[in-house]
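Shown next, in structure tokens, is the structure this report addresses.
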2 protein chains.
Amino acid sequence: MAELSRRRPTIRDVARLSGVSISTVSVALNTPGSASPATRERVVRAAAELGYQPNATARSLNLRRAGSIGLMVPDLSNAYFVNIIAGVEREARDRGYLLVVGATDWQTAAEEQYSSLLRTQRLDGVIVSSGSGLPPASLLELVSVEPVVFVDERVAGFDGHFVGVDNRRAARVAAAYLFGLGHRRIGIIGGPLGLWTADQRLAGYREAAVAAGLDPDSIPLVHGDYQIASGSRAAAQLLADDDARPTALLVANDMMAVGAIAHCRDAGLDVPGDLGIVGFDDIPTASLMTPPLTTVRQPGRELGIAAARMLLDLVDGREPERSVTLPADLVVRGSALPPKGGV
Amino acid sequence: MAELSRRRPTIRDVARLSGVSISTVSVALNTPGSASPATRERVVRAAAELGYQPNATARSLNLRRAGSIGLMVPDLSNAYFVNIIAGVEREARDRGYLLVVGATDWQTAAEEQYSSLLRTQRLDGVIVSSGSGLPPASLLELVSVEPVVFVDERVAGFDGHFVGVDNRRAARVAAAYLFGLGHRRIGIIGGPLGLWTADQRLAGYREAAVAAGLDPDSIPLVHGDYQIASGSRAAAQLLADDDARPTALLVANDMMAVGAIAHCRDAGLDVPGDLGIVGFDDIPTASLMTPPLTTVRQPGRELGIAAARMLLDLVDGREPERSVTLPADLVVRGSALPPKGGV
DNA sequence: ACGGCTGATCGAACCGGTTCGATTCCCCAT
DNA sequence: ATGGGGAATCGAACCGGTTCGATCAGCCGT
């Protein structure tokens, strides 16, 4: 109720109250064992009495350290990215950093906007999960002089610090699983053209097709945008032709798989009975869906932790690995079975 | 490639290059029409040539404005809170603020930890969605002197700025719907004891029971913690007694509803055939679940936007409404039907 | 031709800390 | 008694901006 607008106490006030100089207060408070026990005691008591808290902005200014890092993700509605956020947040907090998060909604413009914040030195570094595949011009400029770590999505033609999984291998395994089940007529819902993860996953799917003796170019393919609605649309397209309808779908991420399943439900198709579906990411709800989604598990939280660790090492001047690859494995649940005709 | 460790240009460098004083540079860059066109031109050119970006930390220091706000949420794995984040992020960015997010994992300790950051003046204000119901001591201290807005969850015995919904009414409507369907033996999975939202929803459920001519104290009630696993556990408890098994469950949030449904699936109970379920929140996946979840829709994103708006108004010295209540309505989908025996 | 007014520019103080070199004081060895 | 060394403390510079009062031209009217 009281003291609404009283000025916050500064180090000056503490100095005055404890009868020592400003620099002594600073030393007494920050460098243990460097002030005499008696002064330290007096200073601490004065600080407590005034409720003094050092001004972090002022400290940042001459320490040239903001104490916070940034994280750009393309989409907050995708729980996989939220997992990454959770990991980064955790690691950042553990190491005393604040986390600024920015959602770019898959737009380069927003990426550009957030990137420029780095230049104004409000952030010690940034972790980027690109949604456009295009390196924001302003970001690339900075990458040589300021810590930047890419996570999940690699940016075209640029090999900076990176944390992710072997998308190609994981996709190959997923596709091979479907072929192993006996599926021959499959369809692919790919990610956005030009995105590294999308390209890699597609390449993996095709490798498995070749290994199974199929012509990869003959596989029906529709590109989505990694969001739910596009999964429904893509599924609708792929399943339009009743005669040559695929018996299974490889979907480049779980969000689109959710959309595809929703479409099937609306269209009266049974998953996995009429159509097998394999996703990618393993979002937290994947195991709770009906049917539980067979998908490739990406360790989102761990990726976030690893990325934060890498970035903060960079910030602290250590030289971490240039690239970290975490395992991504197929987790078989109930959304894909052998095709109806039998093997 | 080059100029790896070259010092960032400061206003001083711009002044030197353009041959004017530091203050003139500052004025020319920030106060349009206050410097002569010629100087302005020279300054701008010099700034561009050097790639000068003003140091935001230094600016913050004498403007006493951090340019960022904080948001504490209890749980990143709950998409409802993520919706709130998305709304806050959007509004903050639109108004030129950065958003620092902190996940407290339902722990007062973490809330306390984040709260104290406010005192160090790195944040201009904070939006809090409490996960403990307990006002962090350090936060309460500050609330009278620093902008704080509570969202979704109200803190015990404290009536600061708040954005949320009428939980009681919404819960009453949800319960009334179930009674209207003909259910008489229902069970309740409540939220954590002591949380305002949990109390309110419970109160609403009971009011509807009374209105339906039932003794609210006779309704089986198990408290969960708003997380998935507890929903499964609670459902298991409530459904244990085969003879007096409820025909429907009122679940205080969607995450627990997800858990409850998963339990039913594992236990061989059909939802909605054997058991109706009504949730609360309307997380984005609710409509995509099988069956699609009947639940109370809380406009998470809008709550976030409203909270950010309120906080930033507070920061800007305007005096916003003390409390904003957004509508929360039942959205009927497929997880509850009339009980098997008929009405 | 000169005083006064206006607009552009400048110097200095300030925001709130950290840090470094200088100073003071005390104690002990010579 | 005196000089040297070390610990505690201090003053001042600095981080990189903003802002305010002072200064300085240039131009006007009379």
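Numbers restart at 1 for each chain; the letters A, B, ... are given by sequence-line order, proteins then strands.
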A:V14 meets the side chain to side chain contact (heavy atoms under 4.5 Å, CB included) criterion, sequence neighbours left out, with A:S18, A:V25, A:V43, A:A46, A:A47, A:L50, A:Y52

Residues at least two apart in sequence or cross-chain that pass side chain to side chain contact (heavy atoms under 4.5 Å, CB included) with A:S23, listed by chain then number, are A:S21

Pair B:D313 + B:R95: basic N to acidic O under 4.0 Å:
yes

Whole-Å distance separating the CZ atom of A:R12 from the P atom of C:dT18
12 Å

Near-ring test B:W196/B:F162, centroid separation under 6.0 angstrom
yes

Given atom CD1 of A:I11 and atom P of C:dC15, what is their separation to the nearest angstrom?
14 Å

Rounded to whole Å, CG of A:L29 lies from P of C:dG16 at a distance of 16 Å

A:N55 CG to D:dG17 P, straight-line distance once rounded to whole Å
17 Å

As a check of understanding: the bend across the helix from C:dA1-D:dT30 to C:dT30-D:dA1, end axes from five pairs, rounded to 10 degrees, works out to 60°

From the list D:dT18, C:dG17, D:dG17, which nucleotide is the closest neighbour of the side chain of B:S26?
D:dT18

Please encode protein proximity along nucleotides 6-13 of chain C as a string of B, S and -, counting only heavy-atom distances under 4.0 Å.
--SSBBB-

Return the minimal non-hydrogen interatomic distance between A:G300 and A:Y80, and the atom names on each side.
CA-CE1, 3.9 Å

Give, for atom CD of B:E89 and atom CD1 of B:I305, the distance between the pair rounded to the nearest 0.5 Å.
10.5 Å

Taking every heavy atom of A:A92 against every heavy atom of A:I69, the minimum-distance pair comes out as CB-CD1, 4.1 Å

Between residues 56-67 of chain A and DNA chain D, which residues have a heavy-atom gap below 4.0 Å?
A:L61, A:N62, A:R64

Give the rounded distance in Å between these two atoms: CG of A:N30 and C1' of C:dC20.
15 Å

To the nearest Å, how far apart are A:D13 CG and C:dG17 C1'?
13 Å

Considering only heavy atoms from C-beta outward, does the side chain of B:P299 approach that of B:N83 to under 4.5 Å?
no

For residues 301-312 of chain A, which residue pairs qualify under salt bridge (Lys or Arg N to Asp or Glu O under 4.0 Å), counting only residues two or more places apart or in two chains?
A:E91-A:R309

Taking side chain as C-beta onward, heavy atoms only, is A:S68 less than 4.5 Å from B:R122?
yes

Looking at B:R45 and B:E49, does any basic side-chain N land under 4.0 Å from a carboxylate oxygen?
no

